[in-house]
> 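The structure is given below, and queries will be raised subsequently.
As the structure is a prediction and not an experimental result, all values here were calculated from the model.
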Amino acid sequence: MATKYIFITGGVVSSLGKGIVAASLGVLLKSKGMKVTIQKFDPYLNLDPGTMSPYQHGEVFVTEDGCETDLDLGHYERFIDLSLSRLNNVTSGMIFWEVLTKERRGDYLGNTVQIIPHVTNEIKGRIFKEDFDVVITEIGGTVGDIESQPFLEAIRQFQNERRADCAHVHLTLIPYLGHSGEFKTKPTQHSVKELRGLGIHPDVIVCRTMHALSFEIKQKIALFCDVPPECVISAQDADSIYEVPLMLEQERLDEVVVSRLGLPIRPSQLQEWKSFVDTIKKQDIPSVKIALVGKYTSLSDSYLSVVEALKHAAAANECQVAIHWVEAEKIEEEGAQKHLSDVVGILIPGGFGNRGIEGKILAAQYARENNIPYLGLCLGMHIAAIEFARHVLKLPEAHSTEFNGQTADPVIDILADQRHIKKKGGTMRLGAYPCHVRPNTLLHKAYGTSEISERHRHRYEFNNAYRKQFESHGMIISGTAPDDSLVEVIELKRNIFHLGCQYHPEFKSRPYKSHPLFKEFVRAARVKAFQIEEL
């Protein structure tokens with residue numbers, strides 16, 4: 001069977017959830033036994049989002065091969081349970097960089113370099129051509145954006161080359177006017193008209209809406225947008241993104257796509273997915289309150305994978321997690337007691353920059369001294385090490401050279417091969433690296449194996465000059481690089497759960513395959529919660 005291609009575009013407004021629709025469709029097709037992958041084509045000119053502020057684009061997701069990508073790739077991986085690569089994230093910056101590189105090499109043989117055909121050919125060349133039954137490609141932005149036009153032109157050309165193998169899914173907004181109780185279809189009509197004006201006729205229209213659409217509304221949209229009524233799909237607001245695949249299955253999106261592309265007709269196998277959704281929707285299970293202490297807490301997308309990993313761990317532990325968002329600077333101003341006294345778990349995620357560092361150190365100290373389960377991710381591990389050095393090793397000036405290059409005790413220091421790097425983008429230690437696990441530790445209990453592989457994104461490491469001091473005072477080095485040259489994980493044996501890891505385990509958590517560290521962390525928080533209730 002020839003590879004089939006599904007292109008997902010959006011209109012009316014941004015942030016409607018194209019990534020979730022793409023990921024959900026991937027779930028449905030994979031559940032029918034098809035081999036599926038998903039790509040994101042982003043129109044911004046950055047080579048990747050690695051240098052963007054989280055306020056601009058949410059978290060930066062990191063693939064196994066070390067590519068810094070859009071957060072939608074995190075949704076793709078979590079939903080279809082497939083590790084993606086740099087080939088799955090394409091930006092305008094990457095496209096123009098490659099085109100100009102070829103021009104400088106003389107690859108175009110003296111021709112004038114233009115958007116058509118050179119840029120569009122480069123885009124088409126980035127679409128997966130083999131090894132998958134279905135390739136789903138999400139086009140970032142909305143129809144009408146100047147930045148998106150080369151991508152839309154490229155998929156228009158691609159569909160003409162392989163029309164029978166292509167389907168277009170267009171996501172739009174159907175506003176609901178509460179005062180009159182009416183759905184308004186005109187924005188969708190205009191969006192589809194704009195898309196058709198570019199030479200792309202949507203096969204399926206997915207309508208984001210507050211309430212379910214009646215058959216009459218679907219008929220109206222079908223009439224004015226020239227699609228069959230069954231190809232108008234209602235995507236109603238959901239309490240959880242994990243409900244979306246099941247809602248779209250009820251709307252028969254998978255059946256419509258299978259029919260359009262001539263894919264094999266097979267029953268869906270969604271038992272595990274449905275079981276997970278049933279678990280997270282339970283109302284009669286205990287809840288544990290966990291503080292997420294960070295710098296960008298006003299925008300939850302900044303820590304999207306962490307939040308989702310906590311949800312997965314909660315389901316695995318048959319409980320709910322109530323995230324208590326804590327701005328690190330507030331702890332600096334008002335103390336840890338005020339913000340953390342009623343939590344049963346403290347998590348400090350990765351991050352960069354000096355703002356809020358002292359507040360995070362106070363949070364780690366509060367967790368250690370009060371035996372509150374603590375999980376530190378990347379920067380969170382550095383924080384745990386600095387706090388331990390200051391208050392247990394009695395090194396009051398201990399710090400990271402990232403924040404204080406003149407510190408007398410640099411317990412966290414820059415990697416040797418990073419010292420002379422000036423460029424910021426794509427130059428950190430990125431992607432999957434192996435880690436040796438020490439037996440009889442929390443780390444080993446969580447993973448149940450002596451060798452693991454996890455994804456990294458950092459420039460600074462634990463300073464080996466302090467290893468003996470840390471270990472002699474009770475801090476266990478439970479994970480190291482296979483050659484023992486780098487410290488990957490530290491933990492305190494005397495606490496219920498106090499662990500910091502140099503890597504980002506959140507990137508590998510899945511809905512019904514909770515990451516071992518998050519699973520153990522939430523389990524410890526639940527134990528702590530029950531102890532508090534019993535007192």
> Compute whether any side-chain donor of one residue and acceptor of the other, for Ser305 and Glu59, lie under 3.5 angstrom apart.
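Side chains of Ser305 and Glu59: pair found under 3.5 Å.
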> What do you reckon, is NZ of Lys30 surrounded by more than 12 foreign heavy atoms closer than 6.0 Å?
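Atom NZ in Lys30 is packed in, count exceeds 12.
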> Could you check if a side-chain atom of His515 sits within less than 4.5 angstrom of a side-chain atom of Glu454, using non-hydrogen atoms only?
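His515 reaches Glu454 side chain to side chain.
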> So, the side chain of Asp145 versus the backbone of Glu147: is there a donor-acceptor pair under 3.5 Å, distance only?
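No, Asp145 side chain to Glu147 backbone: no donor-acceptor pair under 3.5 Å.
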> Mind listing the closest non-hydrogen atom pair of Met94 and Leu47 along with its distance?
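Closest approach of Met94 to Leu47: CE-O, 3.1 Å.
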> Closer than 4.0 angstrom, basic N to acidic O: yes or no for Glu327 and Arg355?
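Salt bridge present between Glu327 and Arg355.
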> Which residue, Met475, Gln469, Arg368, forms the side chain to side chain contact (heavy atoms under 4.5 Å, CB included) with Val392?
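By the side chain to side chain contact (heavy atoms under 4.5 Å, CB included) criterion, Val392 pairs with just one of Met475, Gln469, Arg368: Arg368.
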> Determine whether a donor-acceptor pair (N or O, by modelled atom type, separation under 3.5 Å) exists between the side chain of Lys394 and the backbone of His391.
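Checking the backbone N and O of His391 against the side chain of Lys394, a donor-acceptor pair under 3.5 Å is found.
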> Leu499 and side chain to side chain contact (heavy atoms under 4.5 Å, CB included): which partner among Leu377, Ile476, Thr441, Val489?
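It is Val489; the other options fail the test.
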> Are Phe61 and Pro49 close enough that some pair of their side-chain heavy atoms sits under 4.5 Å apart?
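Of all side-chain heavy-atom pairs linking Pro49 with Phe61, none is under 4.5 Å.
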> Restricting to pairs with a member in residues 271-281, which pass side-chain hydrogen bond (donor to acceptor under 3.5 Å, both in side chains), not counting sequence neighbours?
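Counting only pairs at least two positions apart or across chains, no side-chain hydrogen bond (donor to acceptor under 3.5 Å, both in side chains) contact touches residues 271-281.
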> I'd like to check the side-chain contact (heavy atoms from CB on, under 4.5 Å) partners of Tyr433; sequence neighbours left out, ordered by chain and number.
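Testing Tyr433 for side-chain contact (heavy atoms from CB on, under 4.5 Å), a comparison that skips the adjacent residues, returns Arg429, His456.
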> Can you tell me how far apart CD1 (Ile386) and CD1 (Ile361) are? Round to the nearest 0.5 Å.
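It is 5.0 Å, given to the nearest 0.5 Å.
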> Looking at every heavy atom in both Ala367 and Ile346, which two are closest together, and how far apart are they?
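What the structure gives for the nearest pair is CB-CD1, 3.8 Å.
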> Does Lys330, at its NZ atom, have more than 12 non-hydrogen atoms belonging to other residues, nucleotides or ligands within less than 6.0 Å?
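No - once you tally the heavy atoms of other residues, nucleotides and ligands closer than 6.0 Å, there are 12 at most.
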> Looking only at atom types and distance, does a side-chain atom of Asp409 sit under 3.5 Å from a main-chain N or O of Val411, one as donor and one as acceptor?
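Side chain of Asp409 to backbone of Val411, a donor-acceptor pair under 3.5 Å: no, none is there.
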> Check whether Thr63 reaches the backbone of Gly431 with its side chain - one donor and one acceptor, N or O, closer than 3.5 Å.
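Not confirmed, Thr63 side chain does not pair with Gly431 backbone.
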> For Glu358, which residues count as a salt bridge (Lys or Arg N to Asp or Glu O under 4.0 Å) partner, sequence neighbours excluded?
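Here the qualifying residues are Arg390.
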> Is the shortest side-chain heavy-atom distance between Val522 and Cys319 below 4.5 Å?
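Result yes, sub-4.5 Å side-chain heavy-atom pair found.
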> Output yes when a side-chain donor or acceptor of His504 lies under 3.5 Å from a complementary backbone atom of Glu506, and no otherwise.
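Side chain of His504 to backbone of Glu506, a donor-acceptor pair under 3.5 Å: no, none is there.
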> Got Tyr176 and Thr209 here, is their nearest side-chain heavy-atom distance under 4.5 Å?
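The answer is no; the side chains never approach within 4.5 Å.
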> Hey, is Arg459 close enough to Glu402 for a salt bridge, meaning N to O under 4.0 Å?
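No.
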> For the pair His436 and Glu451, evaluate side chain to side chain donor-acceptor pair (under 3.5 Å) and give the outcome as yes or no after the intermediate values.
CA-CA 5 Å; His436 176 73; Glu451 301 293 333; 2.7 Å; yes
> Find the distance between OG (Ser31) and CD (Glu249) and round it off to the nearest 0.5 Å.
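Answer rounded to 0.5 Å: 6.5 Å.
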> Test of understanding: with side-chain contact (heavy atoms from CB on, under 4.5 Å), list the residues that count as partners of Ser485, not counting sequence neighbours.
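Ser485: side-chain contact (heavy atoms from CB on, under 4.5 Å) contacts with Ala481, Asp483.
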> What's the separation between atom CG in Leu304 and atom CZ in Phe507, rounded to the nearest 0.5 Å?
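So the gap between those two atoms works out to 10.0 Å.
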> What is the distance from atom OG1 of Thr480 to atom CG of Leu443, rounded to the nearest 0.5 Å?
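Between atom OG1 of Thr480 and atom CG of Leu443 there are 10.0 Å.
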> Of all the heavy-atom pairs spanning Lys18 and Gly141, show the shortest one and how long it is.
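Taking every non-hydrogen atom into account, NZ-O, 3.2 Å.
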> Restricting to pairs with a member in residues 347-385, which pass ring-ring contact (aromatic ring centres under 6.0 Å, His included), not counting sequence neighbours?
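Qualifying pairs, neighbours excluded: Tyr374-His498.
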> Does CG in Asp342 sit with more than 12 non-hydrogen atoms of other residues, nucleotides or ligands closer than 6.0 Å?
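Atom CG in Asp342 is crowded, with more than 12 foreign heavy atoms closer than 6.0 Å.
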> Measure the SG-CD distance between Cys501 and Glu491 for me, rounded to the nearest 0.5 Å.
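Separation between the atoms: 11.0 Å.
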> Are Arg526 and Glu318 within salt-bridge range, i.e. N to O under 4.0 Å?
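No, Arg526 and Glu318 are not salt-bridged.
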> Considering only heavy atoms from C-beta outward, does the side chain of Tyr242 approach that of Arg78 to under 4.5 Å?
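A side-chain contact exists here, since the closest heavy-atom pair is under 4.5 Å.
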> Using a strict 4.0 Å threshold on nitrogen-to-oxygen distance, state whether Lys468 and Glu471 make a salt bridge.
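A salt bridge is absent here (no side-chain N lies under 4.0 Å from a carboxylate O).
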> Flag the pair Ile452 / Lys508 as yes when at least one side-chain heavy-atom distance between them is below 4.5 Å, and no otherwise.
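The answer is no, as the side chains (C-beta and beyond) never meet within the 4.5 Å cut-off.
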> Just wondering, more than 12 heavy atoms not from Glu397 lying within 6.0 Å of its CD?
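Counting other residues, nucleotides and ligands, CD of Glu397 stays at 12 neighbours or fewer.
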> The test is side chain to side chain donor-acceptor pair (under 3.5 Å); show your working for Thr37 and Asn88 and say whether it passes.
CA-CA 8 Å; Thr37 192; Asn88 293 80; 3.0 Å; yes
> Minimum heavy-atom separation for Ile290 to Ala525, with atom names?
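Shortest heavy-atom contact: CD1-CB, 4.2 Å.
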> Quick check: do Ile280 and Ser240 have side-chain heavy atoms less than 4.5 Å from each other?
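Side chain of Ile280 against side chain of Ser240, heavy atoms only: contact under 4.5 Å found.
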> Quick one: does Ile477's side chain get under 4.5 Å of Ile490's, heavy atoms only?
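Side-chain contact under 4.5 Å: yes.
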> For Leu84, is there any backbone N or O sitting under 3.5 Å from a side-chain donor or acceptor partner on Glu77?
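Yes.
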> Does the side chain of Thr91 pick up a donor-acceptor pair with the side chain of Asp42 at under 3.5 Å?
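Absent: no donor and acceptor within the cut-off.
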> Examine distances only and state if a side-chain atom of His324 and a backbone atom of His339 form a donor-acceptor pair shorter than 3.5 Å.
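Looks like yes, one N/O pair under 3.5 Å.
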> Please confirm whether the backbone N or O of Pro410 pairs with a side-chain atom of Asn463, one donor and one acceptor, at under 3.5 Å?
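Yes, Asn463 side chain to Pro410 backbone: donor-acceptor pair under 3.5 Å.
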> Taking Glu332 for the side chain and Gly359 for the main chain, is one N or O donor matched with an acceptor at less than 3.5 Å?
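Judged by distance alone, yes, a pair lies under 3.5 Å.
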> Please report the shortest heavy-atom distance between Ile383 and Ala364, naming the atom on each side.
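Closest approach of Ile383 to Ala364, heavy atoms only: CG2-CB, 3.8 Å.
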> Taking NZ, NE, NH1 and NH2 as the nitrogens, is one of them in Lys295 or Glu329 under 4.0 Å from a carboxylate oxygen of the other?
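Looking at Lys295 and Glu329, the cut-off is not met.
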> Using the ring pair (Phe, Tyr, Trp, His ring centres under 6.0 Å) rule, take Phe518 and His312 through it: C-alpha gap first, then chi angles, then the decisive distance, then the call.
CA-CA 8 Å; Phe518 278 87; His312 306 160; 8.8 Å; no
> Return the minimal non-hydrogen interatomic distance between Lys360 and Leu379, and the atom names on each side.
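What the structure gives for the nearest pair is NZ-CD2, 3.5 Å.
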> Keeping the roles fixed (side chain from Asp65, backbone from Arg86), state whether a donor-acceptor pair exists under 3.5 Å.
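The answer is yes, because a donor-acceptor pair under 3.5 Å joins these two groups.
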> CD of Glu520 to CD1 of Ile496: how many Å apart, nearest 0.5 Å?
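Rounded to the nearest 0.5 Å, the CD-CD1 separation comes out at 10.5 Å.
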> Using 30° and 60° as the class boundaries, would you call the ring planes of Phe521 and Phe497 parallel, tilted or perpendicular?
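Tilted: the ring planes of Phe521 and Phe497 meet at 30° to 60°.
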> Not counting sequence neighbours, which residues clear salt bridge (Lys or Arg N to Asp or Glu O under 4.0 Å) with Asp237? List them please.
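For Asp237, the residues satisfying salt bridge (Lys or Arg N to Asp or Glu O under 4.0 Å) (neighbours in sequence not counted) are Arg208.
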> Can Tyr512 and Asp81 be said to form a side chain to side chain donor-acceptor pair (under 3.5 Å), step by step?
CA-CA 10 Å; Tyr512 42 84; Asp81 191 19; 5.4 Å; no
